Amino acid sequence: MRSFLNPFQRKRATETEEAPSTTKSKRPTKASAKAATESDEPIAKKAKANGAIAPPVQDPAMYSDQRFQTFFQTYADPDDPKVMGTDGIQRLFEEADLSLETLPPFLLAWICKASDFAAFRLDEWQKLKELQIDTPQKLKAAITDLENALYSDIPISDEGSSKPKKGSSASAGGASYNKEPLRRAVSNPQKGFKDFYVFCFGLMKKQESRVMEMELATAAWSVVLQPKYPIIEQLLAFIAEHPKFKSVNKDLWGMTHEFCVALEEKSLANWDDEESWPSLLDDFVAWEKKRTGVDSQGD
């Protein structure tokens, strides 16, 4: 099995090399995910340490505006309370029991329309308010629903929770949130996935650049495309054998998704070599046909 550098780690390492941070977040003691979702006490304590006003202890199954405001500050950089940096994101994902090595960070960035893969600004985080997400457990529920909708075609239903009203009780476990915004975003799953995929290009590339370096692109493809389109595994193997391909522009990024969709409708044996595709994809088709013996079968 081929191994790729985790996109979150890769982007963090790249930014550290190019612009080392002059400040370092102080990492408080970890609170367990169970404790963080059973009551407001861990959030209140950590928020107080970061200078935020701790809310009174409330049932986490009930949405609270005050808890929502504290939620961000719990993981914000102590030196910049309007930014949640990589240390805070890692702590949040640990307590929400979400993986930084797979889709969740991409999905959260899409929900927030974040401009930086490895940091969230307070104004971006406000998009979670419409979803009424004020605990790590609710965040996990929303990310799981979105991933299932985009990658397994499982509709976001009201089963297990309904749109919670402020101050009203939610479902058992405290994971209820307002699902309507996500349901609208993926009402057309194909369009929803395309919107998410296109967003990831701007998220992952360097802000001042028009292209994404190939090492980062392959890492992102392995996470964002491969779970939905298995042919990506072979495309990545091809790229690894052909280092002449150095970067990916927006056109190639988008066409790679269209290529995957086209292959679902017809096999390589029926592939039209006269169609216009980026050279990387044309070369891959020729390589894959030779590797699988499609050409020797007379197409």
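What you see is a predicted model, and the numbers here were worked out from it, not measured in a lab.
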According to a hydrophobic-cluster definition based on side-chain heavy atoms being under 4.5 Å apart (Ile, Leu, Val, Met, Phe, Trp, Tyr only), do [X] and [Y] belong together?
| X | Y | answer |
| --- | --- | --- |
| Tyr75 | Val83 | no |
| Ile154 | Ile156 | no |
| Val211 | Leu280 | no |

Stepwise side chain to side chain contact (heavy atoms under 4.5 Å, CB included) test for Leu107 and Phe196: CA-CA 8 Å; Leu107 296 172; Phe196 165 64; 3.7 Å; yes
Is there side-chain contact between [X] and [Y], with at least one heavy-atom pair below 4.5 Å?
| X | Y | answer |
| --- | --- | --- |
| Leu235 | Tyr229 | no |
| Asp273 | Lys289 | yes |
| Phe117 | Leu216 | no |
| Thr256 | Leu281 | yes |
| Ser247 | Met212 | no |
| Met84 | Asp77 | no |
| Trp253 | Lys205 | no |
| Leu128 | Cys112 | yes |

Going by distance alone, is a donor N or O of one side chain under 3.5 Å from an acceptor N or O of the other, for [X] and [Y]?
| X | Y | answer |
| --- | --- | --- |
| Ser115 | Arg121 | yes |
| Asp145 | Tyr177 | yes |
| Asp65 | Tyr63 | yes |

Under-4.0 Å salt bridge between Lys138 and Asp134: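 Answer for the salt bridge query: yes.
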Residues Lys113 and Asp123 bridged, charged N to O under 4.0 Å: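 A salt bridge is absent here (no side-chain N lies under 4.0 Å from a carboxylate O).
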Going from [atom1] on [X] to [atom2] on [Y], what distance comes out if it is rounded to the nearest 0.5 angstrom?
| X | Y | atom1 | atom2 | value |
| --- | --- | --- | --- | --- |
| Gln132 | Ser176 | CD | OG | 8.5 Å |
| Leu236 | Met214 | CG | CE | 9.5 Å |
| Gln137 | Glu95 | CD | CD | 13.0 Å |
| Ile231 | Phe284 | CD1 | CZ | 4.0 Å |
| Phe106 | Leu150 | CZ | CG | 13.5 Å |
| Phe259 | Glu264 | CZ | CD | 11.5 Å |

Worked verdict on Asp97 versus Lys140 for side chain to side chain contact (heavy atoms under 4.5 Å, CB included): CA-CA 7 Å; Asp97 192 25; Lys140 179 178 181 179; 3.0 Å; yes
Contact summary for [X] and [Y], nearest pair of heavy atoms:
| X | Y | value |
| --- | --- | --- |
| Leu131 | Lys127 | CD1-O, 3.7 Å |
| Phe199 | Ala114 | CZ-O, 3.5 Å |
| Ala142 | Ile133 | CB-CD1, 3.6 Å |
| Glu124 | Phe120 | OE1-CA, 3.6 Å |
| Ala118 | Thr86 | O-CG2, 3.2 Å |
| Ala149 | Pro189 | O-CB, 4.5 Å |

ring-ring contact (aromatic ring centres under 6.0 Å, His included) pairs, two or more places apart, involving residues 81-103: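 Passing the test, one end in residues 81-103: no pairs.
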Ring centroid separation Tyr197 to Trp221 under 6.0 Å: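 Here the rings of Trp221 and Tyr197 have centres that are no less than 6.0 Å from each other.
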Aromatic ring proximity, centroids under 6.0 angstrom, Tyr151 and Phe193: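 Distance test on ring centres: under 6.0 Å, yes.
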Criterion side chain to side chain contact (heavy atoms under 4.5 Å, CB included) on Ile232 and Ser222, from CA distance to verdict: CA-CA 7 Å; Ile232 290 296; Ser222 71; 5.8 Å; no
Residues that Val198 engages under side-chain contact (heavy atoms from CB on, under 4.5 Å), provided they are two or more places apart: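 Here the qualifying residues are Lys194.
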Worked check of salt bridge (Lys or Arg N to Asp or Glu O under 4.0 Å) between Lys228 and Glu233: CA-CA 11 Å; Lys228 193 173 182 72; Glu233 181 177 3; over 6 Å; no
N/O donor-acceptor pair under 3.5 Å between Ser64 side chain and Gln66 backbone: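 Present.
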Criterion salt bridge (Lys or Arg N to Asp or Glu O under 4.0 Å) on Glu130 and Lys179, from CA distance to verdict: CA-CA 9 Å; Glu130 184 182 6; Lys179 298 187 176 187; over 6 Å; no
Verdict with supporting geometry, Asp283 and Lys244, side chain to side chain contact (heavy atoms under 4.5 Å, CB included): CA-CA 12 Å; Asp283 291 354; Lys244 67 177 182 178; 3.6 Å; yes
